[in-house]
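Worksheet: the structure to be examined is printed underneath.
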Amino acid sequence: MTDLRVEVVRVFTDPDGRFGNPLGIVDGRLVGESDRQRVAAELGYSETVYVDDAATGTLRIYTATREMAFAGHPTVGAAAWLHTHGHPVDTLHVPAGPIPVTRSGDLFAVRADTTWGSPWDWRQLSSPEEVLAADPATYKAGHTFLWSWQDEPAGIIRARAFAPAMSVEEDEATGSAVTQLTAQLTRDLLVIQGKGSHLRTTYHPPTHATVGGHVLPAEPRTFTF
């Protein structure tokens, strides 16, 4: 049995430091390929990052059910965590390809191809109230992204995401999804997702966007495997 330290950050908090999507961060040198999927599933986060080389920002990303070539909340969270631990990388390396990282004050962002990430069933609803009233139990398969304009002239969206295909009943903040939505709407956005997480995007036509936000540390865990 091995005791494994799991660092935890909350990604895409609101400006007051509330909400955000928890991310598990693990030293990849301590967990072999054959154990990574099981550890990620047992940790229970929507995604867990294995840092294989902190100096170069080389990462692998796992959900509870599979490895992801790219995901937004893990790359933003890992970029911030690396910066605070002495590795302010300007590029992350994930299986999908190199991911440029930018920082403005305490906001971290990554730039990605909006064709990456999981396919979503996009459902635009009539109001934020309708989005908030949705029952996660209604969504039993696939990936569904509900959204409505909260303030269309200002580019503010209210959203929720359900991903039972990845064993995630509701995802609090979904970076790759909002980059795809940014490309669909061809404009920069502030997406308020889940309980109140804030994701900020910038459109880089024709096929790229940045997604970023605030990242705050949470209590680390010890996991035995």
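Everything numeric in this text was worked out from a predicted model, so none of it was measured.
Checking side-chain atoms of Arg160 against main-chain N and O of Ala134 turns up a donor-acceptor pair under 3.5 Å. Within the 3.5 Å criterion, the main-chain N or O of Tyr203 finds a donor-acceptor partner in the side chain of Asp188. Listed for the Ser127 side chain is a donor-acceptor partner under 3.5 Å among the backbone atoms of Glu130. A donor-acceptor contact shorter than 3.5 Å links the side chain of Gln180 to the backbone of Ser118. Within the 3.5 Å criterion, the main-chain N or O of Ala183 finds no donor-acceptor partner in the side chain of His208. Although no hydrogens or angles enter the test, the distance criterion places no donor-acceptor pair under 3.5 Å between the side chain of Arg158 and the main chain of Asp151. Side chain of Asp27 to main chain of Arg29: a donor-acceptor pair is present (N/O by atom type, distance under 3.5 Å, no hydrogens or angles). In this structure, the side chain of Arg200 does not engage the main chain of Leu189 through any donor-acceptor pair within 3.5 Å. Using modelled atom types, no side-chain atom of Ser176 and backbone atom of Gly117 make a donor-acceptor pair closer than 3.5 Å.
To the nearest 0.5 Å, atoms NZ (Lys140) and CD (Glu169) are separated by 9.0 Å. Rounding to the nearest 0.5 angstrom, the gap separating the OG1 atom in Thr75 from the CD1 atom in Ile99 is 6.0 Å. Distance check: Glu42 CD to Thr48 OG1 gives 11.0 Å after rounding to the nearest 0.5 Å. With values rounded to the nearest 0.5 angstrom, Asp113 atom CG is found 4.5 Å from Thr207 atom OG1. Distance check: Arg123 CZ to Thr144 OG1 gives 5.0 Å after rounding to the nearest 0.5 Å. Atom CZ of Arg103 sits about 13.5 Å away from atom CG of Asp90, to the nearest 0.5 Å.
Of all non-hydrogen atoms in Thr63 and Glu47, the two that sit nearest each other are CG2-CG, 3.9 Å. Ser167 approaches Thr65 most closely through the heavy-atom pair OG-CG2, 3.4 Å. Listed here is the closest heavy atom pair of Asp52 and Gly28: OD1-CA, 3.5 Å. Pairing each heavy atom of Pro74 with each of Ile61, the nearest pair is CG-CG2, 3.8 Å. Taking all atoms of both residues into account, the shortest heavy-atom contact from Asn21 to Ala173 is ND2-O, 3.0 Å. Minimum heavy-atom separation, Pro22 to Val8: CB-CG1, 4.5 Å.
Taking the six-membered ring where the residue is Trp, Tyr62 and Tyr50 present perpendicular rings, their angle passing 60° and hence far from 30°. A perpendicular orientation is assigned to the rings of Trp149 and Trp147, their planes being inclined by more than 60° (bins at 30° and 60°).
Looking at Leu43 and Phe223, their side chains come closer than 4.5 Å, going by heavy atoms from C-beta outward. For the pair Thr91 and Val101, the minimum side-chain heavy-atom distance is 4.5 Å or more. The closest side-chain heavy-atom distance from Thr13 to His198 is not below 4.5 Å. At least one side-chain heavy atom of His204 sits under 4.5 Å from a side-chain heavy atom of Thr210. With contacts defined as side-chain heavy-atom distances shorter than 4.5 Å, the pair Val211/Phe12 qualifies. Residues Met68 and Pro95 fail the side-chain proximity criterion, which asks for heavy atoms closer than 4.5 Å. In this structure, Leu4 and Val26 have side chains that are in contact, with non-hydrogen atoms separated by less than 4.5 Å.
Hydrophobic clustering keeps Phe145 apart from Phe162 (ILVMFWY residues linked when any side-chain heavy atoms are closer than 4.5 Å, directly or through intermediates). Taken together through direct or relayed side-chain contacts under 4.5 Å among Ile, Leu, Val, Met, Phe, Trp and Tyr, Leu30 and Leu82 form parts of separate hydrophobic clusters. Under a hydrophobic clustering in which Ile, Leu, Val, Met, Phe, Trp and Tyr are joined whenever their side-chain heavy atoms come within less than 4.5 Å, directly or via other members, Val11 and Trp116 fall into the same cluster. Hydrophobic clustering, with ILVMFWY side chains joined whenever heavy atoms are under 4.5 angstrom apart, groups Val168 together with Leu23. Put simply, Val51 and Val89 are part of the same group of oily side chains (I, L, V, M, F, W, Y) that touch within less than 4.5 Å, one to the next.
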Gln193/Val178 under side-chain contact (heavy atoms from CB on, under 4.5 Å): CA gap, chis, key distance, verdict: CA-CA 10 Å; Gln193 187 178 330; Val178 300; 4.3 Å; yes
Intermediate values then yes/no, ring-ring contact (aromatic ring centres under 6.0 Å, His included), Phe108 and His83: CA-CA 10 Å; Phe108 287 83; His83 181 90; 5.4 Å; yes
Ile25 and Val9: CA distance, side-chain angles, deciding distance, side-chain contact (heavy atoms from CB on, under 4.5 Å) verdict: CA-CA 8 Å; Ile25 302 174; Val9 295; 4.0 Å; yes
Candidate pair His143 and Trp120, rule side-chain contact (heavy atoms from CB on, under 4.5 Å), full reasoning: CA-CA 5 Å; His143 302 76; Trp120 290 86; 3.4 Å; yes
Test log, rule side-chain contact (heavy atoms from CB on, under 4.5 Å), inputs Arg187 and Thr182: CA-CA 6 Å; Arg187 61 179 296 184; Thr182 296; over 6 Å; no
Test salt bridge (charged side-chain N to carboxylate O under 4.0 Å, His left out) applied to Lys195 and Asp14, step by step: CA-CA 10 Å; Lys195 294 178 180 178; Asp14 76 359; over 6 Å; no
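Salt bridge status for Arg5 with Glu7: present, with a side-chain N to carboxylate O gap under 4.0 Å. With respect to Arg60 and Glu33, a salt bridge is recorded, a charged nitrogen being found less than 4.0 Å from a carboxylate O.
The closest side-chain donor-acceptor pair between Asp3 and Thr224 falls under 3.5 angstrom. At a cut-off of 3.5 Å, with distance as the only test, a side-chain donor of Glu172 or Ser197 sits close to an acceptor on the other residue.
Residue Ile156 shares its hydrophobic cluster (ILVMFWY side chains chained together at separations under 4.5 Å) with Leu190, Ile192.
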